Amino acid sequence: MAEVVGYPFNQIPTEGFSAFKSGVHGWGSICGALVPAIYAINVVAEGDDQVKMINELMAWYKDTPFPIYQPKGMNLPTTVADSSLCHVSVTKFMQAMNIPRDAPERKERCGGLTADVAKFTVAMLNDFADKKLATGVFKPSAVVGECMACHSKLEWAHGKETCTSCHGDPHK
Amino acid sequence: MPNEKVKELTRRKFLHGAGTSLAGLALAGSVGLLLPGCTKQATPAPVAAPDPVIGVPQWPLSYVKLDPAAAEKKAYDAYMKDG
């Protein structure tokens, strides 16, 4: 947008997003590819449209086998994170390849994933601009509804991540 | 009403907060210049330029359709360079 439109998008220093890499400077929290994408949506959309697009992005991310974009032809395996957390997302990939974090395949995977998130977000925003926004294709995992049927009562818990990714099934 | 949403930020207001601490340092370092009796010649203060008014963009900003493939490549290149 900074290149195509210019002001005011060219007044946003993209370096401001650098702290989100590795799930916020290595904390393994939210995937750093998601944050600028969420910001991009948030800055051009409000109300229900904004919420729907961000929900769609988050749900799509957890369900999508990454990386789709592989320009170097490394034929990397794809893994589904079932989470928006960097820790979960990248660890599943590294386990699938049995590689350490500093392996070039890991960097290529996260680069491809970043490209995938940008492409998906732009395509969705284009639909939004055309007033053809169709969200709800991707949703939180069904287990979220099952868990929250009880655990959301009395404000015990909230969230849309796949509960069992971290908690397993504590009722077994 | 649109006008109620628009906030205006003058250059003076914008710089005021950041300038406060810097001004303190500057004063500490150049206190001699602020005491005319200790300087050989007083330097005339520069004439302040008029305050340009910078309008804070009204949210949400207008989106213009982009090329998804171009965004894909740009994001990949940025990550491989700085990620």
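Everything numeric here is computed off the predicted structure, so don't read it as measured data. The sequence lines fix the lettering, A, B, ..., with proteins before strands; numbering per chain opens at 1.
- Ring centroid separation for the pair F66(A) and W60(A) comes in under the 6.0 Å cut-off.
- Residue with the most contacts toward chain B among A129(A), A115(A), P8(A), A123(A): A115(A) (heavy-atom pairs, distance under 4.5 Å).
- Interface residue V5(A): only side-chain heavy atoms are found under 4.5 Å from chain B.
- Side-chain polar atoms of Q70(A) and N75(A) form no donor-acceptor pair below 3.5 angstrom.
- With a threshold of 4.5 angstrom between heavy atoms, K74(B) approaches chain A through side-chain atoms but not through N, CA, C or O.
- Looking at Q50(A), the atoms closer than 4.5 Å to chain B (heavy atoms on both sides) all sit in the side chain, from C-beta outward.
- Using a 4.5 Å cut-off between heavy atoms, E3(A) contacts chain B through its side chain alone, with no backbone atom that close.
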Legend entry - Derivation and outcome, side-chain contact (heavy atoms from CB on, under 4.5 Å), residues E161(A) and V144(A): CA-CA 7 Å; E161(A) 294 280 4; V144(A) 175; over 6 Å; no

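- In summary, the aromatic rings of F128(A) and Y63(B) are positioned with their centroids too far apart to meet the 6.0 Å limit.
- Annotation: D169(A), atom CG; neighbour count of heavy atoms from other residues, nucleotides and ligands within 6.0 Å is above 12.
- Of the atoms belonging to N42(A), heavy atoms from both backbone and side chain fall under 4.5 Å from chain B.
- Neither the backbone nor the side chain of P36(A) comes within less than 4.5 Å of any heavy atom in chain B.
- A distance-only check finds no donor-acceptor pair linking the side chain of D116(A) to the backbone of P67(A) [under 3.5 Å].
- Y76(B) and E108(A) share a donor-acceptor pair across their side chains, judged by distance under 3.5 Å alone.
- With a 4.5 angstrom heavy-atom cutoff, K21(A) touches chain B only via side-chain atoms.
- Considering only heavy-atom pairs separated by less than 4.5 Å from chain B, the leading option among V122(A), D130(A), D127(A), N126(A) is N126(A).
- Contact of Y7(A) with chain B is made through the side chain alone, with heavy-atom distances under 4.5 Å.
- Contact of D77(B) with chain A is not made at all, since no heavy-atom distance falls under 4.5 Å.
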